[in-house]
Amino acid sequence: MTEVSSLTGRLLVAAPALSDPNFDRAVVLLLDHDEEGSLGVVLNRPTPVGVGDILASWAGLAGEPDVVFQGGPVSLDSALGVAVIPGDDGPLGWRRVHGAIGLVDLEAPPELLAPALGALRIFAGYAGWGPGQLEAELADGAWYVVESEPGDVSASHPEKLWRAVLRRQRSELAMIATYPDDPSLN
């Protein structure tokens, strides 16, 4: 068995050639990555469904746009909360994933977390990979792995996140941000 170096807390940015429509121009925050597999949420897929429509008690705490995001193609009937909480200690009902980014227990009373929240996003579903599956996709060049920033979770213009994340890279990846949506039109 090969050792898996954890990518938890990093971003997967879809390569332009990735053909799976679930991940076209996707930016995925990895919430867990180990030898048993990987789990993340797509940060740039807002839905038209308001947070208040499904989780009324959390609606006032969700960032703009205050809609539910499609976290991935798996378990669309489940919800995950991802929040940015500055500082060293997080409140009850929040589990640190990486840096200031963590998972929210959506069963907890929102009042427990409200004073500490810097940003909150609600995701329906998630992206998941079995053991070795993500590593195979990485080897095939389907994803670029880059560092996340707390602001990625709460980007006010999620539709621009793919280009913005690539553009901030200090490598040839910055040039990929200019890749056309439809290269056949060039």
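Small disclaimer: the values here were computed from a predicted structure and weren't measured.
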*Does the pair Leu12 and Leu30 meet the rule for a side-chain contact (heavy atoms from CB on, under 4.5 Å), with working shown?*
CA-CA 7 Å; Leu12 299 177; Leu30 283 175; 3.9 Å; yes
*Full working for salt bridge (Lys or Arg N to Asp or Glu O under 4.0 Å) between Arg168 and Asp152*: CA-CA 12 Å; Arg168 74 179 184 227; Asp152 296 332; 2.8 Å; yes
*Check the pair Val67, Val51 against side-chain contact (heavy atoms from CB on, under 4.5 Å), reporting the backbone distance first and the verdict last.*
CA-CA 5 Å; Val67 297; Val51 172; 5.6 Å; no
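No side-chain heavy atom of Phe23 sits under 4.5 Å from any side-chain heavy atom of Ser19. Side-chain atoms of Glu147 and Leu11, non-hydrogen and from C-beta on, never get closer than 4.5 Å to each other. Taking 4.5 Å as the limit, some side-chain heavy atom of Tyr179 sits within range of a side-chain heavy atom of Arg25. You'll find the side chain of Val42 reaches within 4.5 Å of the side chain of Val28, heavy atoms only.
Legend: side-chain hydrogen bond (donor to acceptor under 3.5 Å, both in side chains) pairs involving residues 98-124, not counting sequence neighbours: none detected. Residue pairs meeting the side-chain hydrogen bond (donor to acceptor under 3.5 Å, both in side chains) criterion with at least one member in residues 44-58, sequence neighbours excluded, do not occur.
The two residues Tyr144 and Ile176 come nearest to each other via the heavy atoms OH-CD1, 3.1 Å. Heavy atoms only, all atoms of each residue included: Ile85 and Gly90 are closest at CG2-CA, 4.5 Å. Residue Gly128 comes nearest to Val74 through the heavy atom pair N-CG2, 4.1 Å, listed as atom of the first residue, atom of the second, then distance. The two residues Gly40 and Trp129 come nearest to each other via the heavy atoms N-CZ3, 4.4 Å. Here the closest non-hydrogen pair linking Arg96 and Asp89 is NH2-N, 4.0 Å. Taking both residues in full, the closest heavy atoms of Ala83 and Leu117 are given as CB-CD2, 3.4 Å, listed atom of the first, atom of the second, then distance.
Remark: Ala79 pairs with Leu55, Leu106, Ile122 by the side chain to side chain contact (heavy atoms under 4.5 Å, CB included) rule, at least two apart or across chains.
Annotation: the span from Leu29 atom CG to Ser148 atom OG amounts to 5.5 Å, rounded to 0.5 Å.
Donor-acceptor pairing under 3.5 Å is recorded for the side chains of His33 and Glu135.
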